[in-house]
Structure formats: C-alpha cells, structure tokens
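Pasting a structure here, questions to come.
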Amino acid sequence: MILAEDLAAIDRQLAPHWPRLNGARLFMTGGTGFIGRWMLEALAVSDCDAEVVILSRDPDAFAARAPHLARRFQFVAGDVCDFVAPPGGYTHIIHAATDASAHLNAHDPRRMFDTIVTGTRKTLDLAVERGAGRMLFLSSGAVYGAQPWDVTHVAEAWPGGPDPRDPKSAYGEGKRAAELLCAIYGKQFGLDVVTSRIFALLGPLLSLDIHFAAGNFIRDAMAGRAIRIESAGSAVRSYLYAADLTAWLWLMLLRAPRGATWNLGSEEAVSIADLARRTAAVLGGPGVEVLGRADAGWNPGRYVPSTALVRDQLGVAPTVSLDAAIRRTAIFNGWKI
C-alpha cells in the first residue's frame, strides 16, 4: 500500500511530462538497484509506452523479486564493465550502476574505482555509438569530499574534493573521474549528458541490514531493540525520501538543460545520534545507546547539500518529512502502528 501510494504520487507529478518519452527506447544500467528500481516502478505504472533495456548481472534473480518489472521491461545479462547491448538505437541512456558498498570500498577500493570509471566509459561509448539524444548519469555527493563544518549546505560550485591519498576515497574519486568523462564526451563527441549528485536517501525498498545507518536504526527499533551507535553519532546527514528523488531524476532526464549538474537530496540536517533518537521516538523503540568510539566511516563529518539549483530549475521540493519517511519505510517493512 505504501509503495502504491508513493508511485501514484509520482505519477501525478510526472503526468504532464511522461508523453515526452512515448515511443522512446532507453538503455539503463543499475536498474535493479535501489534507485534504479524506483525509477522502473514509476515508469511501469505510467501510461508511457517507452521501451527500456536494462543491463543486469543476474536478470533471473531480479525477475524472481520483481516479476511485474521483468514482464514490462527487457533485461540483458552482463557486467557494466564488459557488456554488449542489444542492437538498435537508443534515444536515452540512464547510467545508474555503481557498487555503493561500504565493504567493497574498504576492502577492494581498486575494484570500486574501476567499476565506476570503466562502467561509465563503456556506457558513454554506447551512448555515442547508438546516437542517444541524452544521457542521465547518477553521481554522488561524495564528489565533494569532506564538507567543512562551516559550510552548512554544499553547493555544486564547491571546489573541494576527496583526499586522493586515502584509499577510502575510491568511491568519491571514482565518481569525480566519471563526471570528468561525461564532460569530455560532451565536448569531444557532442553528447548531451546531465548529472545528478545524490545524497543520503530513505524509503521503501531500502535494505535495512547493510551499511545504511537510517535503515539499520529502523530495523532495530522495529525489533524492539535499543539503537546502538558505535561512534559518538556526531556526523551530520540529511535524507531525501525515495519517491521525491525518483520524480526529480525523471524530470532531470526530461527537462534539465544540457550539461546540468545538480545536487539531489534533502537540506534538513540531522546528526546521526539525533536520527537514532527520532527513529526510536517515531517507532516507539526502547531508546538509543551511544558508545562514542572513533568513527570508521568514509565521512565522519557533514554531508548535506544545497538543492537551490534543482528546486529553482525544476520547481520541485521535498514532499515527505524525515519523520514521515521513517514511518513510511517502517510500515513498508511490516511495522504496525
């Protein structure tokens, strides 16, 4: 019910714009991940007749999880670093594939970097070869590196970047290199690429048992356990609801000016400790335990975007508050009010 409500809301927002994709043929990487699936779910409930070919390492496994999407769209098996797309032209390319794994970034940063950069170059080559009219690249706010504490909301013009001496920068530096490739293909081959720098998210379909703190907190509160924070919980994040992100991404593909690079996220900052307390309060959990150990994460500081550009250019705004996002994510995962 929650997901259906969200998809209906997205469809109402995008209804005037979907006709621009009628008759289109899209190629998509990362369509079986959290963000990619949201985009496909939204398109599947619309009246748009666009054809979409999705690259996936394991189409059969995804078809078992989402048979309605497997029936609606075409899937092709392959790895983003080494794939052959089905023949024919593509009007649009969506490059969403990435290994957003904290474990991979920590233990095999070379593979993390290679997957992002090589995968982006392969996808750009496909876009040029098949005459795509537009490509949407899903980048990350990690391209800014450590956000100074006195910069409350980092904007697209911020010149900072990850520390190249630190292997934990593999994800952020990989995304920076991928963005540079997009700029090069724009200049050298005339490719029309728009880039979204995505920050932290929350919503249905988010895994509750991997490295996402917000999901872990919801899992623990739903289980009736105290939420335990290993660090001091002083890192600051913000969380955009997945349905809002989905609408913004489709609008970027359809309406953003050529070469646009915009932050997509929430401006409502919250410390990790306060996020845990709010999650416990919203879901009636027993409380929060803060252990105060050194933060071993990739970014123990602030990670909050300015979204002025996307709000001004597309006329969008978040429609779901943080508390509502926590509640809706929990309900989707079986929490009873």
Side-chain angles (χ1 to χ4, degrees), residues 1-10 28 30-45 56 61-62 64-66 68-69 94 96-105 138-142 171 196-223 225 227-229 235 237-250 264-266 268 270 272 274-276 278-280 282-283 285 297-299 303-305 318-337:
M1 178 64 76
I2 288 288
L3 184 59
E5 291 175 0
D6 288 340
L7 295 176
I10 295 170
M28 184 176 193
T32 60
F34 172 61
I35 298 173
R37 179 169 172 183
W38 264 97
M39 294 186 74
L40 292 178
E41 294 278 7
L43 182 60
V45 301
S56 170
F62 184 73
R65 296 196 304 274
H68 59 297
L69 296 181
I94 299 174
T98 192
D99 268 320
S101 161
H103 183 272
L104 183 66
N105 201 51
L138 274 61
S139 186
S140 167
Y171 180 77
S196 58
R197 292 175 174 167
I198 300 171
F199 285 70
L201 306 168
L202 188 57
L205 302 176
L206 181 74
S207 295
L208 303 186
D209 56 357
I210 53 176
H211 63 279
F212 299 118
N216 297 167
F217 295 167
I218 291 172
R219 175 200 62 197
D220 291 345
M222 288 176 59
R225 296 191 296 264
I227 297 172
R228 173 177 288 188
I229 303 174
R237 300 289 186 268
S238 63
Y239 295 88
L240 182 67
Y241 193 58
D244 285 330
L245 175 81
T246 302
W248 296 8
L249 285 171
W250 279 116
L264 271 59
S266 167
E268 182 184 353
V270 60
I272 292 298
D274 284 342
L275 173 66
R278 285 175 71 166
T279 302
V282 169
L283 302 182
W298 72 275
N299 184 349
Y303 188 61
V304 181
T319 63
V320 178
S321 69
L322 177 57
D323 286 354
I326 293 169
R327 187 178 303 108
R328 295 181 73 81
T329 304
I331 292 172
F332 175 79
N333 284 282
W335 180 68
K336 306 295 184 185
I337 298 176

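Along the sequence shown, the residues carry numbers beginning at 1.
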### Query
Is the closest side-chain heavy-atom distance between Leu138 and Ile94 below 4.5 Å?
yes
### Task
Could you list the residues that satisfy side-chain hydrogen bond (donor to acceptor under 3.5 Å, both in side chains) with Ser321, not counting sequence neighbours?
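Ser321 satisfies side-chain hydrogen bond (donor to acceptor under 3.5 Å, both in side chains) with no residue once adjacent residues are dropped.
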### Task
Taking side chain to side chain contact (heavy atoms under 4.5 Å, CB included) as the test, write out the residues that go with Ala4, two or more places apart.
none
### Query
side chain to side chain contact (heavy atoms under 4.5 Å, CB included) with Ser238: which residues, sequence neighbours excluded?
Ser266, Val304, Pro305
### Query
With sequence neighbours excluded, what pairs up with Ala276 under the side chain to side chain contact (heavy atoms under 4.5 Å, CB included) test?
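Result, side chain to side chain contact (heavy atoms under 4.5 Å, CB included) vs Ala276: Phe217, Ile227, Ile229, Val288.
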### Message
Please check this pair: side chain of Asp209 against backbone of Asn216, looking for a donor-acceptor N/O pair closer than 3.5 Å.
### Response
no
Exercise answer: donor-acceptor pairs, residues 330-337 side-chain atoms, under 3.5 Å, sequence neighbours excluded:
{"unit_1": "Asn333", "atom_1": "ND2", "unit_2": "Thr329", "atom_2": "O", "d": "2.8"}

### Message
Using side-chain heavy atoms (C-beta onward) and a distance below 4.5 Å, is Ile218 in contact with Leu206?
### Response
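With C-beta onward as the side chain, the pair stays apart.
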### Task
Would you indicate whether the side-chain heavy atoms of Ile326 and Tyr239 approach each other to under 4.5 Å?
no
### Query
Looking at residues at least two apart in the chain, or sitting in another chain, which of them share a side chain to side chain contact (heavy atoms under 4.5 Å, CB included) with Ala44?
Leu69, Arg72, Phe73
### Query
Does Asp323 have any side-chain hydrogen bond (donor to acceptor under 3.5 Å, both in side chains) partners at least two apart in sequence or in another chain, and if so, which?
Arg278
#### Entry: By side-chain hydrogen bond (donor to acceptor under 3.5 Å, both in side chains) - contacts of Arg328 (at least two apart)
Glu5, Asp6, Tyr241
#### Entry: Set of residues satisfying ring-ring contact (aromatic ring centres under 6.0 Å, His included) with respect to Trp248, sequence neighbours excluded
none
## Note on the structure
Those residues at least two apart in sequence (or on a different chain) that pass side-chain hydrogen bond (donor to acceptor under 3.5 Å, both in side chains) with Asp220 are Arg225
